[in-house]
Amino acid sequence: MSEKPVALVTGSSSGIGAAVARRMAAEGMAVVVNAVTSVTEGEELAASLPEAMFVRADVSDEAQGAELVETVVGRYGRLDLLVNNAGRTRAIPHADLTAATGDVWREILNLNVIGTWQTTVAAVPWLRKAPGGGHVVNVSSIAGSRPAGSSIPYAVSKAAVEHMTRLLAGALGPDIRVNAVAPGLIDTRWTAGFTEIKAKVEAATPLRRVGNPEDVAEMVAALHRATYTTGEVVLVDGGAHLLA
């Protein structure tokens with residue numbers, strides 16, 4: 001069994017997930033990097049981290065999510081932290097109801113909500129055995145609590161993730177803590193074309209800047225250290241939630 005605690009970060013080949021993987025490695029954890037499409041990036045990231053590995057798996061598929069967890073435990077003999085970061089969205093104006101088809105809803109909910117649920121369920125038996133207690137951190141969005149976001153299906157999926165976080169915290173304590181981070185606008189490849197929105201954030205939010213993936217990773221690390229905290233959804237948005 002690994003002497004280091006082990007973190008599994010889903011959807012971690014780039015952006016927020018990659019920043020979380022790097023940060024948890026810096027915190028002394030062995031990290032499992034995961035992706036389903038950006039395989040080369042994921043392999044390169046894992047190769048750059050001590051005692052890390054890359055596993056290709058689509059966590060929206062129940063069997064692949066379960067196999068991912070089994071692969072982690074087979075390699076390291078333990079699992080201490082699960083970060084459910086894998087997610088997807090579609091850019092659809094909220095007023096364009098016909099564009100948010102049933103297929104779009106199913107695609108987004110299947111990964112963002114059901115994938116988060118299935119991976120967590122698969123990880124629970126091993127997280128219960130973690131020395132000092134296991135921990136799940138879900139990655140939500142400011143869109144989960146405010147009428148914002150790239151589409152209505154995406155925003156609803158993140159609202160579901162936040163309520164799931166609270167419900168699981170109550171169901172899994174005291175052996176496992178469950179928390180979530182809810183980023184505002186973060187500078188990643190997803191938001192590369194959001195020039196106008198970024199300008200508004202920089203002009204209006206109290207911290208006068210767009211966030212970066214490392215800001216979110218810092219909060220994940222802080223929550224992991226906060227061993228008397230569970231059921232919390234922490235905004236990482238530069239104060240955007242304070243705006244009317």
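Values below: every heavy atom of this structure, side chains too, minus hydrogens, waters and symmetry copies. In this text the structure is predicted, and so the values were computed from the model without any measurement.
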Got a sec, which residues hit side chain to side chain donor-acceptor pair (under 3.5 Å) with N84, two or more places apart in sequence or on another chain? T120, N138
L82 vs V137, side chain to side chain contact (heavy atoms under 4.5 Å, CB included): CA-CA, chis, key distance, verdict: CA-CA 6 Å; L82 168 64; V137 178; over 6 Å; no
Contacts under 3.5 angstrom, residues 64-72 side chains, donor-acceptor by atom type, not counting sequence neighbours:
{"from": "Q64", "atom 1": "OE1", "to": "D58", "atom 2": "N", "distance (Å)": "2.8"}
{"from": "T71", "atom 1": "OG1", "to": "E67", "atom 2": "O", "distance (Å)": "2.8"}

Residues that D237 engages under salt bridge (charged side-chain N to carboxylate O under 4.0 Å, His left out), provided they are two or more places apart: none
So CD of E43 and OG of S38: to nearest 0.5 Å the spacing works out to 11.0 Å
Does V31 share a hydrophobic cluster with L45, counting links as ILVMFWY side-chain heavy atoms below 4.5 Å and allowing steps through other members? yes
Checking the side chain of S151 only, and the main-chain atoms of Y154 only, is there a donor and an acceptor separated by less than 3.5 Å? yes
Quick one: does L168's side chain get under 4.5 Å of V136's, heavy atoms only? no
Side-chain heavy-atom pair V210, I186 within 4.5 angstrom cut-off: no
Can you list every pair that meets ring pair (Phe, Tyr, Trp, His ring centres under 6.0 Å) and has a residue in residues 19-63, with sequence neighbours left out? none
E202: which residues meet the salt bridge (charged side-chain N to carboxylate O under 4.0 Å, His left out) condition with it, sequence neighbours left out? none
So W117 and M164, do their side chains get closer than 4.5 Å, heavy atoms only? yes
Answer with yes or no whether the hydrophobic clustering places V59 together with M53; edges join I, L, V, M, F, W, Y residues whose side-chain heavy atoms lie under 4.5 Å apart. yes
For A240 and P206, which heavy atoms make the closest approach, and how far apart are they? N-CD, 4.4 Å
Could you tell me whether the side chain of L109 reaches within less than 4.5 Å of the side chain of P153, counting heavy atoms only? no
Rounded to the nearest 0.5 Å, what separates atom CG in N212 from atom CG in L185? 11.0 Å
With the 4.5 Å side-chain cut-off for hydrophobic clustering, are V139 and L111 part of the same group? no
Can you name the residues that form a salt bridge (charged side-chain N to carboxylate O under 4.0 Å, His left out) with D61, not counting sequence neighbours? none
Any donor-acceptor pair under 3.5 Å from K198 side chain to R209 backbone: no
When you group the ILVMFWY residues by side-chain heavy-atom contacts below 4.5 Å and let the links chain together, are V32 and L49 in the same group? no
Hey, any chance V234 and V161 share a hydrophobic cluster, counting ILVMFWY side chains that come within less than 4.5 Å of each other, even indirectly? no
Taking every non-hydrogen atom, the tightest pair across N34 and G11: OD1-N, 3.0 Å
Within a strict 4.5 Å, meaning less than it, do heavy atoms of the S150 and R90 side chains meet? no
Please set out all donor-acceptor pairs under 3.5 angstrom arising from side-chain atoms of residues 14-28, sequence neighbours excluded.
{"from": "R23", "atom 1": "NE", "to": "E27", "atom 2": "OE2", "distance (Å)": "3.1"}
{"from": "R23", "atom 1": "NH1", "to": "E218", "atom 2": "OE1", "distance (Å)": "2.4"}
{"from": "R23", "atom 1": "NH2", "to": "E27", "atom 2": "OE2", "distance (Å)": "3.2"}
{"from": "R23", "atom 1": "NH2", "to": "E218", "atom 2": "OE1", "distance (Å)": "3.0"}
{"from": "E27", "atom 1": "OE1", "to": "R225", "atom 2": "NH1", "distance (Å)": "3.3"}
{"from": "E27", "atom 1": "OE2", "to": "R225", "atom 2": "NH1", "distance (Å)": "3.2"}

Taking R88's backbone N and O only, do any of them form a donor-acceptor pair with N112's side chain (distance below 3.5 Å, no angle check)? yes
Short side-chain to backbone donor-acceptor contact, H241 and V236, under 3.5 Å: no
Assess whether atom NE2 of H163 is packed by more than 12 heavy atoms of other residues, nucleotides or ligands within 6.0 Å. no
Does R78 reach the side chain of P5, with side-chain heavy atoms less than 4.5 Å apart? yes
Please list all pairs meeting ring pair (Phe, Tyr, Trp, His ring centres under 6.0 Å) that have one or both residues in residues 7-26, counting only residues at least two apart or in different chains. none
Rounded to the nearest 0.5 angstrom, the CG-CD distance for N179 and E232 is 7.0 Å
When you compare the side chain of V83 with that of L8, does any pair of heavy atoms fall below 4.5 Å? no
One should read off an interatomic distance between S157 OG and I152 CD1, to the nearest 0.5 angstrom, of 12.0 Å
Taking salt bridge (charged side-chain N to carboxylate O under 4.0 Å, His left out) as the test, write out the residues that go with D103, two or more places apart. R106
Cluster membership besides V233, Ile/Leu/Val/Met/Phe/Trp/Tyr side chains within less than 4.5 angstrom, sorted by chain and number, is none
Minimum heavy-atom distance A57-V36, with the two atoms named: O-CB, 3.7 Å
Main chain of A180, side chain of T165: is a donor-acceptor contact present, judged purely on distance under 3.5 Å? no
Which heavy-atom pair separates G238 from T205 by the least distance, and what is that distance? O-CB, 3.7 Å
Closest non-hydrogen atoms of K158 and S140, given as atom of the first, atom of the second and distance, are O-OG, 3.3 Å
Which pairs with one or both residues in residues 169-178 pass side chain to side chain donor-acceptor pair (under 3.5 Å), sequence neighbours excluded? R128-D175, H135-R177
Nearest-0.5 Å distance, CD of residue Q118 to OG of residue S60: 7.5 Å
Please confirm whether the backbone N or O of G144 pairs with a side-chain atom of S141, one donor and one acceptor, at under 3.5 Å? no
Between D80 and M29, what is the shortest heavy-atom contact and its length? CB-CE, 4.3 Å
Return yes if some donor-acceptor pair links the side-chain N/O of T119 with the main-chain N/O of T116 below 3.5 Å, else return no. no
Residue pairs, two or more places apart or on separate chains, that pass salt bridge (Lys or Arg N to Asp or Glu O under 4.0 Å) and touch residues 47-57: K4-E51
Within the 4.5 Å heavy-atom criterion, are S13 and T40 side-chain neighbours or not? no
